[in-house]
Trainee: 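Pasting a structure here, questions to come.
Nothing here was measured: the structure is a model prediction, and the numbers come from that model. The figures here come from the full heavy-atom set of this structure, side chains too, leaving out hydrogens, waters and symmetry mates.
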Amino acid sequence: MADDIFDLIIKGEIPCYKVYEDDDVIAFLDISQVTPGHTLLVPKAHVNDIFDYDEQIAEKVLLKLPKLARAIKASNPQITGINIQSNNGPSAGQTVIHSHWHLIPRFDDDNLNSQLAPTIDHSADFTPERYQAIAQQIATSIKEV
């Protein structure tokens, strides 16, 4: 099987704005930034989707979600909520066939409805410096939560 974009990020062959990494997972800013701080949590083991999780993968990945969510919220006092979602299978909108979880910070004034469209893309509003600043805020916060 050819490497997907997440495999290449995990190997360090494609750069990312990393906020967390351990032996089992990597978390980095989503390039689309639906809202500032939009982060992806990706298992390092290649599993296509939630249907491929066994108990070990589930424990290694899913137990990181609350810690990462708390770090994202702590990184910016204007964050008032968070959407956590994972699209599983092309029919569910999964575009990269490597399991991943979106953590999308919510703000009182973000003008998003309760259903986030996967096509929202604000990447034109983000410079590498802004991505790096947000990633650093979350990375710093993860040590505190």
Side-chain angles (χ1 to χ4, degrees), residues 3-88 92-145:
D3 287 338
D4 60 55
I5 191 168
F6 294 156
D7 291 319
L8 297 175
I9 289 171
I10 291 164
K11 291 179 181 180
E13 295 176 17
I14 293 179
C16 69
Y17 297 97
K18 189 183 326 181
V19 302
Y20 178 77
E21 182 174 19
D22 63 24
D23 291 340
D24 305 309
V25 300
I26 185 170
F28 50 89
L29 295 183
D30 187 302
I31 202 72
S32 71
Q33 289 297 281
V34 170
T35 61
H38 177 183
T39 300
L40 298 179
L41 177 65
V42 179
K44 287 186 174 179
H46 185 97
V47 288
N48 288 342
D49 52 37
I50 194 72
F51 307 112
D52 288 344
Y53 278 45
D54 60 20
E55 286 185 26
Q56 286 183 327
I57 295 286
E59 183 176 330
K60 291 174 180 179
V61 176
L62 300 178
L63 290 179
K64 303 293 184 339
L65 283 170
K67 182 175 184 168
L68 189 55
R70 286 190 299 269
I72 292 167
K73 187 171 189 311
S75 74
N76 183 338
Q78 294 178 331
I79 294 173
T80 57
I82 195 162
N83 288 98
I84 299 174
Q85 70 182 49
S86 178
N87 302 328
N88 293 277
Q94 185 179 10
T95 56
V96 178
I97 307 304
H98 185 133
S99 180
H100 58 284
W101 296 82
H102 293 261
L103 292 92
I104 303 170
R106 297 303 301 268
F107 301 81
D108 288 339
D109 61 351
D110 61 23
N111 296 318
L112 297 175
N113 62 26
S114 60
Q115 296 180 331
L116 293 176
T119 57
I120 295 172
D121 185 347
H122 294 289
S123 59
D125 299 331
F126 289 80
T127 63
E129 294 78 16
R130 187 169 181 202
Y131 279 116
Q132 189 57 50
I134 294 169
Q136 185 59 45
Q137 287 172 310
I138 297 169
T140 299
S141 296
I142 205 160
K143 298 171 188 160
E144 300 168 3
V145 293

Trainee: Under the rule for side-chain hydrogen bond (donor to acceptor under 3.5 Å, both in side chains), what residues qualify as partners of S75, not counting sequence neighbours?
Mentor: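 Partners of S75 by the side-chain hydrogen bond (donor to acceptor under 3.5 Å, both in side chains) criterion come out as none, since no residue qualifies.
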Trainee: Going from CG on L65 to CZ on R70, what distance comes out if it is rounded to the nearest 0.5 angstrom?
Mentor: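 Taking CG in L65 and CZ in R70, the distance rounds to 10.5 Å.
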Trainee: Quick one: side-chain hydrogen bond (donor to acceptor under 3.5 Å, both in side chains) partners of N88, sequence neighbours excluded?
Mentor: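 Per chain and number, N88 pairs via side-chain hydrogen bond (donor to acceptor under 3.5 Å, both in side chains) with S86.
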Trainee: Drop me the distance from F107's CZ to L112's CG, to the nearest 0.5 angstrom.
Mentor: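 So the CZ of F107 and the CG of L112 are separated by 10.0 Å.
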Trainee: Under the rule for side chain to side chain contact (heavy atoms under 4.5 Å, CB included), what residues qualify as partners of A69, not counting sequence neighbours?
Mentor: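 Residues passing side chain to side chain contact (heavy atoms under 4.5 Å, CB included) with A69: I82, I84, L103.
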Trainee: Considering all heavy atoms of both residues, which atom of D125 and which atom of R130 are nearest to each other, and what is their separation?
Mentor: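 The answer is O-NH1, 3.3 Å.
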Trainee: Within this structure, what is the CD1-NE2 distance for the pair I97 and H46, rounded to the nearest 0.5 Å?
Mentor: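 If I round to the nearest 0.5 Å, the distance is 8.5 Å.
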Trainee: Sequence neighbours left out, what passes side-chain hydrogen bond (donor to acceptor under 3.5 Å, both in side chains) with E13? Give chain and number order.
Mentor: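 Once residues adjacent in sequence are excluded, E13 has no partner under the side-chain hydrogen bond (donor to acceptor under 3.5 Å, both in side chains) criterion.
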Trainee: After noting the C-alpha distance and the side-chain angles of I142 and V19, does the key distance pass the side chain to side chain contact (heavy atoms under 4.5 Å, CB included) rule?
Mentor: CA-CA 8 Å; I142 205 160; V19 302; 5.8 Å; no
Trainee: Does atom NZ of K64 have more than 12 heavy-atom neighbours from other groups under 6.0 Å away?
Mentor: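 Counting other residues, nucleotides and ligands, NZ of K64 exceeds 12 neighbours.
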Trainee: Nearest 0.5 Å, please: how far is CG in L29 from OG in S123?
Mentor: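 If I round to the nearest 0.5 Å, the distance is 12.5 Å.
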Trainee: May I have the step-by-step check of side chain to side chain contact (heavy atoms under 4.5 Å, CB included) for K18 and I26, ending in yes or no?
Mentor: CA-CA 7 Å; K18 189 183 326 181; I26 185 170; 4.3 Å; yes
Trainee: If every non-hydrogen atom of I138 is compared with every non-hydrogen atom of A71, which pair is closest and at what distance?
Mentor: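 Closest approach of I138 to A71, heavy atoms only: O-CB, 3.9 Å.
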Trainee: Would you please name every residue forming a side chain to side chain contact (heavy atoms under 4.5 Å, CB included) with A58, sequence neighbours left out?
Mentor: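 Only Y53, L62 meet the side chain to side chain contact (heavy atoms under 4.5 Å, CB included) criterion with A58.
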Trainee: Mind checking side-chain hydrogen bond (donor to acceptor under 3.5 Å, both in side chains) for T127 and listing every partner two or more places apart, or none if nothing turns up?
Mentor: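 In terms of side-chain hydrogen bond (donor to acceptor under 3.5 Å, both in side chains), with neighbours along the sequence ignored, T127 is linked to E129.
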Trainee: Using the side chain to side chain donor-acceptor pair (under 3.5 Å) rule, take S141 and Q137 through it: C-alpha gap first, then chi angles, then the decisive distance, then the call.
Mentor: CA-CA 6 Å; S141 296; Q137 287 172 310; over 6 Å; no
Trainee: Measure the CG-CG distance between L8 and D3 for me, rounded to the nearest 0.5 Å.
Mentor: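 So the gap between those two atoms works out to 5.0 Å.
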Trainee: Just to verify, what does Y17 make a ring-ring contact (aromatic ring centres under 6.0 Å, His included) with, not counting sequence neighbours?
Mentor: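 With sequence neighbours excluded, Y17 shows a ring-ring contact (aromatic ring centres under 6.0 Å, His included) to Y131, given in chain and number order.
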Trainee: Looking only at atom types and distance, does a side-chain atom of Q85 sit under 3.5 Å from a main-chain N or O of I104, one as donor and one as acceptor?
Mentor: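 Side chain of Q85 to backbone of I104, a donor-acceptor pair under 3.5 Å: no, none is there.
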Trainee: Side chains of L68 and W101: closer than 4.5 Å at any heavy-atom pair?
Mentor: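 No, too far: nothing below the 4.5 Å cut-off.
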Trainee: Within the 4.5 Å heavy-atom criterion, are I9 and H98 side-chain neighbours or not?
Mentor: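 No. Closest side-chain heavy atoms not under 4.5 Å.
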Trainee: If you take all heavy atoms of Q94 and H100, which pair is closest and at what distance?
Mentor: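 Minimum heavy-atom separation between Q94 and H100: CG-CE1, 4.4 Å.
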Trainee: Restricting to pairs with a member in residues 49-60, which pass salt bridge (charged side-chain N to carboxylate O under 4.0 Å, His left out), not counting sequence neighbours?
Mentor: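 Of all non-adjacent pairs touching residues 49-60, those that pass salt bridge (charged side-chain N to carboxylate O under 4.0 Å, His left out) are D24-K60.
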Trainee: Quick one: side chains of residues 34-44, donor-acceptor pairs under 3.5 Å with protein atoms, not counting sequence neighbours, listed by atom name and distance.
Mentor:
residue: T35; atom: OG1; partner: P105; partner atom: O; Å: 2.5
residue: H38; atom: ND1; partner: V34; partner atom: N; Å: 3.2
residue: H38; atom: NE2; partner: H102; partner atom: ND1; Å: 2.9
residue: T39; atom: OG1; partner: G37; partner atom: O; Å: 2.6
residue: K44; atom: NZ; partner: E21; partner atom: OE2; Å: 2.8
residue: K44; atom: NZ; partner: D22; partner atom: O; Å: 2.7

